[in-house]
Novice: 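Have a look at the structure that comes next, please.
Remember, it's a predicted structure, so these values are computed and weren't measured experimentally.
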Amino acid sequence: MTDDRKTYSADQAEAHDAITDLLRSAGVDIISGELLPAAEGDAATIAVIGKAGSGKTLLLAELYAALAEAGVEVVSGDYENRRRKDRRSLAVLAPTNKAASVLRMRGVPATTIHRIIYTPVYDPEYERIADWLANGGERPEIETLTDEALDRAVAFYQAHKSIPGALAAAGLRGSDFITGWKRRDDPLDIGFVDEASMLDDAQFEDLREIFSTLVLFGDPAQLAPVNQSGRMVFEKLPDSRQHRLSRIHRQAEDNPILDLAHALGDADVGFDEFERRVEAAAARDPRVVVAERVESDLMARSPVLVWRNATRIRLIQAFRRAYDAPADALLPGEPLICDGIELPLRHRAKRIDLETRGLIKGAQVVYLGPGRKPGFSRLHVMGAPQPQVSAASIIKIEHPDEEEPFIPFAAHMGATFLHGAAVTIHKAQGSQWEDVQVFAPDLFAANRAGRTEAGLPLWKRLAYVAITRASERLIWVTRNRLARPGSALTTRDLEGIIEPLKLTPEDQGATGQLI
């Protein structure tokens, strides 16, 4: 038993031991620090399953720290050290940028599944810098970079362990040092996957092909991916490969938001009783609020969570009217949700380029303004390590009772976006915001519909996912009303995260460029 395990609950310690044994059988002993070459054989998969507050993220973070201390290299998807063929490696993955950013804030260098499946190809000149930062050795001399620029790169890398971020700190654009993207050819070693409830069967099989050892961390109370009959991929594993965390830890017990989430597991709690519990929590703790109106100011960065698509569209239109947004244009600061990439098959490389820069389906984006060419947009991708992107865009504004969305402007092809002031609870999975507004009339409608999913009332699964998206404050909205905004839309809140965009003619390629 290690000293770290003294802080674990009994179920965390059991899961820790099971993962430790799995890693040891794969040649990685995190107790002794011994690393052996990876052995050939079938992929081994294990799952850690638990509701919010059960300690999944703590366990993941502690295991990552133990592997890093043992000398296992971390593969981030930004740059791979190919010097050591016998290395042992770890990749920490999440399905979305937002989910990965939650782990990065805890000091775990997580990346998205897309960034692992597709890897960057570096310009040979700048790969010398990447190799120097990752492996040490003699300081390179680069004709186009000063010593001061290299010093900035070193300082950034030491703080953030990001090669692209370090090169950007030296004054380079992504298009300078990344010449393209390719699907991964070589397999990887150990993979940790957070938010595994979001994985579909195809993604799971891709990961099993890439990683020889795979550890899934998932919440069984969330919503399963569409078209999977309410089942999550880890529920198909043998019982011996599923390790359940049942204890809710003190920090979660003292949290009224998680207390409400876990109350949904009580079969005797119906919708009316649950609303009374929300009201009682709001009366004693400011972290829970019962409101009669949706706060439009919050919608710009944290969307209202709804069940019905019609509700989503009505709230978006109300938001745009509240800010006097023109029908034929977007205002800087308006939120968007990436709905996919519309490119023909012959432009597969361009699709990969956009996806690896963070514009995957479900990514949350803030519109910064138009690009220099018609149909191009300057965007901030929420949760991405390097969030600024200039991309060919197709913006769709939906209206109630209209089958086809209105498109204020669009490139011929590129990334497609829906408005993001309100999103369905299904699409909110994997994300987290400080303040979350849950539109209770939709949950009441789900309750009246009487639907179930995997043996539980649908409204309870929806409520659980929606409530657990809030890290600081839950706002339970009871009426179909929208409060007027207190101030105009702005992008000033992003100024500490991004540098001013400097677009050049080269940055206007059809795939968009990382700035």
Novice: I'd like to know if the side chain of Lys51 and the backbone of Ala261 have a donor-acceptor N/O pair within less than 3.5 Å.
Specialist: no
Novice: Looking at every non-hydrogen atom in both residues, tell me the closest pair between Phe234 and Gly218 and how far apart they are.
Specialist: CE2-CA, 3.7 Å
Novice: Take Glu195 and Gln222 through the side-chain contact (heavy atoms from CB on, under 4.5 Å) test and state the conclusion after the steps.
Specialist: CA-CA 10 Å; Glu195 296 288 352; Gln222 294 200 31; 3.6 Å; yes
Novice: Is there a donor-acceptor contact under 3.5 Å from the side chain of Thr112 to the main chain of Arg115?
Specialist: yes
Novice: Any sub-3.5 Å donor-acceptor pair from Gln242's side-chain atoms to Leu237's backbone N or O?
Specialist: yes
Novice: For Val288, does its backbone N or O pair with a side-chain atom of Asp285 as donor and acceptor, under 3.5 Å?
Specialist: no
Novice: Please confirm whether the backbone N or O of Val366 pairs with a side-chain atom of Glu334, one donor and one acceptor, at under 3.5 Å?
Specialist: no
Novice: Could you walk me through whether Phe274 and Trp459 pass the side-chain contact (heavy atoms from CB on, under 4.5 Å) test, one step at a time?
Specialist: CA-CA 11 Å; Phe274 183 74; Trp459 79 267; 3.9 Å; yes
Novice: Could you tell me which non-hydrogen atom of Asp219 sits nearest to which non-hydrogen atom of Ala52, and how far apart they are?
Specialist: OD2-N, 3.5 Å
Novice: Is there a donor-acceptor contact under 3.5 Å from the side chain of Arg231 to the main chain of Glu235?
Specialist: yes
Novice: Would you mind checking if Asp435 and Arg287 are paired as a salt bridge, meaning a charged N to carboxylate O distance below 4.0 Å?
Specialist: no
Novice: Do Thr45 and Arg208 have a side chain donor and acceptor closer than 3.5 Å?
Specialist: yes
Novice: Take the angle between the ring planes of Tyr8 and His16 and call it parallel below 30°, perpendicular above 60°, tilted in between.
Specialist: tilted
Novice: Hey, are the side chains of Val289 and Leu474 touching, using non-hydrogen atoms and a 4.5 Å cut-off?
Specialist: no
Novice: Could you walk me through whether Ile49 and His243 pass the side-chain contact (heavy atoms from CB on, under 4.5 Å) check?
Specialist: CA-CA 6 Å; Ile49 304 168; His243 299 272; over 6 Å; no
Novice: Please tell me if the side chains of Leu59 and Lys56 come closer than 4.5 Å, counting only heavy atoms from C-beta onward.
Specialist: no
Novice: Is there a side-chain contact between Val436 and Leu298, using heavy atoms and a 4.5 Å cut-off?
Specialist: no
Novice: Passes side-chain contact (heavy atoms from CB on, under 4.5 Å), Leu216 versus Leu214? Steps please.
Specialist: CA-CA 7 Å; Leu216 309 179; Leu214 197 60; 4.0 Å; yes
Novice: CG of Leu223 to NE2 of His426: how many Å apart, nearest 0.5 Å?
Specialist: 4.0 Å
Novice: Quick test of your reading of the model: are Asp151 and Arg139 salt-bridged, counting only N-O distances below 4.0 Å?
Specialist: yes
Novice: Side chains of Ser197 and Gln429: donor-acceptor distance under 3.5 Å anywhere?
Specialist: no
Novice: Do Ser393 and Leu379 come within less than 4.5 Å of each other through their side chains, counting heavy atoms only?
Specialist: yes
Novice: Might you work through the salt bridge (charged side-chain N to carboxylate O under 4.0 Å, His left out) test for Arg312 and Asp442, ending with a clear yes or no?
Specialist: CA-CA 10 Å; Arg312 178 183 65 85; Asp442 260 23; over 6 Å; no
Novice: Of all heavy-atom pairs between Thr96 and Gly430, which one has the smallest distance, and what is that distance?
Specialist: OG1-O, 3.8 Å
Novice: Checking Ser302 side chain against Met299 main chain: does a donor-acceptor pair fall under 3.5 Å?
Specialist: no
Novice: Sub-3.5 Å donor-acceptor pair from the side chain of Asp131 to the main-chain atoms of Glu127, do we have one?
Specialist: no
Novice: Are the side chain of Asp297 and the backbone of Gly486 linked by a donor-acceptor contact shorter than 3.5 Å?
Specialist: yes
Novice: Which heavy atom in Trp307 sits nearest to a heavy atom in Thr424, and how many Å separate them?
Specialist: O-CG2, 4.1 Å
Novice: Under the salt bridge (charged side-chain N to carboxylate O under 4.0 Å, His left out) criterion, do Arg244 and Asp11 qualify, and how do the steps go?
Specialist: CA-CA 7 Å; Arg244 299 181 180 275; Asp11 52 11; over 6 Å; no
Novice: For Met382 and Val365, which heavy atoms make the closest approach, and how far apart are they?
Specialist: CG-N, 4.4 Å
Novice: Given side chains that start at C-beta, do those of Leu489 and Phe319 come closer than 4.5 Å, heavy atoms only?
Specialist: yes
Novice: Do Arg24 and Asp21 pass the salt bridge (charged side-chain N to carboxylate O under 4.0 Å, His left out) test, and can you show the C-alpha distance, the side-chain angles, and the key distance before you say yes or no?
Specialist: CA-CA 5 Å; Arg24 186 182 295 114; Asp21 290 342; 2.9 Å; yes
Novice: Does the ring-ring contact (aromatic ring centres under 6.0 Å, His included) test come out yes or no for Tyr157 and Trp132, once each step is laid out?
Specialist: CA-CA 11 Å; Tyr157 184 75; Trp132 168 59; 9.3 Å; no
Novice: Heavy atoms, side chains only, cut-off 4.5 Å: are Arg106 and Leu58 in contact?
Specialist: yes
Novice: Could you walk me through whether Ser431 and Gln364 pass side chain to side chain donor-acceptor pair (under 3.5 Å), step by step?
Specialist: CA-CA 9 Å; Ser431 297; Gln364 299 161 52; 2.9 Å; yes
Novice: Please identify which of these residues, Val74, Leu103, Asp194, meets the side chain to side chain contact (heavy atoms under 4.5 Å, CB included) condition with Val108.
Specialist: Leu103
Novice: Could you grab the distance from atom CG of Asp189 to atom CD of Glu73, nearest 0.5 Å is fine?
Specialist: 10.5 Å
Novice: Just checking, is any N or O donor in the side chain of Thr20 or Asp17 under 3.5 Å from an acceptor N or O on the other one?
Specialist: no
Novice: Measure the shortest side-chain to side-chain distance between Tyr122 and Leu167 over non-hydrogen atoms and say whether it is less than 4.5 angstrom.
Specialist: yes
Novice: Does Phe417 reach the side chain of Leu359, with side-chain heavy atoms less than 4.5 Å apart?
Specialist: yes
Novice: Look only at the side chain of Ser54 and the backbone of Ser246, and say whether a donor-acceptor pair between them is shorter than 3.5 Å.
Specialist: no
Novice: Within the 3.5 Å criterion, strictly below it, is a donor on Gln388 or His380 matched to an acceptor on the partner's side chain?
Specialist: no
Novice: Any idea which heavy atoms bring Tyr64 and Gly107 closest together, and the distance?
Specialist: CE2-O, 3.7 Å
